[in-house]
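First comes the structure, then the notes that go with it.
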Protein chains: 2
Amino acid sequence: MAYRETEKMRQRKAEARQRIIDCTYECVARGGFRSARITRIAGLAGVATGTIYRHFDSREDLFAEVFRLATQREVDKVAEALATSDEADVRLEKALRQFAERALRGPTMAWSLIAEPVDPKVEEERLKYRKAYASLFETAIRDGIEEGCIPDQDACQSSTCLVGAIAESLVGPLSPTQAGTKPAATTDNNDMLVDTIIRFCMQGLTGTRR
Amino acid sequence: MAYRETEKMRQRKAEARQRIIDCTYECVARGGFRSARITRIAGLAGVATGTIYRHFDSREDLFAEVFRLATQREVDKVAEALATSDEADVRLEKALRQFAERALRGPTMAWSLIAEPVDPKVEEERLKYRKAYASLFETAIRDGIEEGCIPDQDACQSSTCLVGAIAESLVGPLSPTQAGTKPAATTDNNDMLVDTIIRFCMQGLTGTRR
């Protein structure tokens, strides 16, 4: 009789895979990809390290999967913030602000998603997701040009400027290596930081002093 | 008699090291880090692959060294453009324009320096050099605030916005994978692209429509 995977086995496998992903996510959120060692993940997930490699070809593939899941969550949040009925410039400002605020509230994960040096496989994903953000911004910029609240411009290029400006300006504040050299991240400091970033972005888009 | 390295041997070693670096640089400039295989570099440099590992602990260390040399050249160019006697906003605009134009003239190398997914060691260098650019821009922004040609702002944060905006907006146009999907890189297209990027950056800084 040929071997056949029963429904129960399939389910058990899917659950183990999900647990491995969840535990990796937890590790990254606490200490970045650097701290997410396979032995540690296996321990947390209650599986043998070999089991992880039955689900993922390599540590890098597991990381890329966790990166995709975590980043897609942020992309969805941006899409959500852009989907209201406000004017396009207001929607853009809200989406950018929310992105920065969420990053500063979960700085370790945000640092890992935005800038932590990891592995070419994760870097490839980073490039793809930056395009996903840019594409959302581009649509809103086009709306704004049509509505007349944003001056005519190359929406595609401006959207990449937005993505770059907001991501790069968060790298320093989020960086774990700067923890000792910068003022403590208070809510006030973070508010001022977010205001500064948003001002630059919106001025860049509109050419109007904020 | 203890072994002593003669002057001539030292010189020969230094020359071999330099040749390895030069040949790696050549490979990267033609096809990115991805194409710079150790066997190929060894062939070009006329040394055995083992010789490369006597000079560099790993391929990644060699890449990081080439990255540093190539990026430092660009940082120096930005510093030079910022060192004229113009007003700060004019100097900033010139420096940003020159950075973008140089990148578009040497797109493969620029892509490799700005965005090619390589290795955590190169990514670490990327983060450091982005700070180097930001630090140059920050000084110029401070000058501009003092001169009155740039409105008062957090110069440190704005400098990172500039670095992010210009780097990210070049990623797409420089990307080798986009070669088939984008219009041919003509001088006219590049001029328009640079104008768009510079406009966003300078509007972001000054809040004045360009």
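Letters A, B, ... mirror the listed sequences (proteins, then strands); counts begin at 1.
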Neighbours of chain B found in [range] - heavy atoms under 4.5 Å:
range	answer
residues 27-50 of chain A	A:Arg34
residues 140-163 of chain A	A:Pro151, A:Asp154, A:Gln157, A:Ser158, A:Thr160, A:Cys161, A:Leu162, A:Val163
residues 68-88 of chain A	none
residues 202-210 of chain A	A:Gln203, A:Gly204, A:Leu205, A:Thr206, A:Gly207, A:Thr208, A:Arg209

With a 4.5 Å cut-off on heavy-atom pairs, point out which of A:Glu124, A:Arg130, A:Glu116, A:Glu168 contacts chain B the most.
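Highest number of heavy-atom pairs under 4.5 Å: A:Glu168.
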Could you point out which residue of B:Arg126, B:Glu125, B:Lys121, B:Glu123 forms a side-chain contact (heavy atoms from CB on, under 4.5 Å) with A:Pro117?
B:Glu123
What part of B:Ala115 gets closer than 4.5 Å to chain A, counting heavy atoms only: side chain, backbone, both or neither?
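Backbone plus side chain of B:Ala115, per the 4.5 Å heavy-atom cut-off to chain A.
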I'd like to know which of B:Leu127, B:Asp119, B:Val122 tops the heavy-atom pair count under 4.5 Å against chain A.
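The answer is B:Leu127.
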Please rank B:Pro120, B:Cys201, B:Ala134, B:Ala167 by heavy-atom pairs under 4.5 Å with chain A and give me the top one.
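The option with the most such pairs is B:Pro120.
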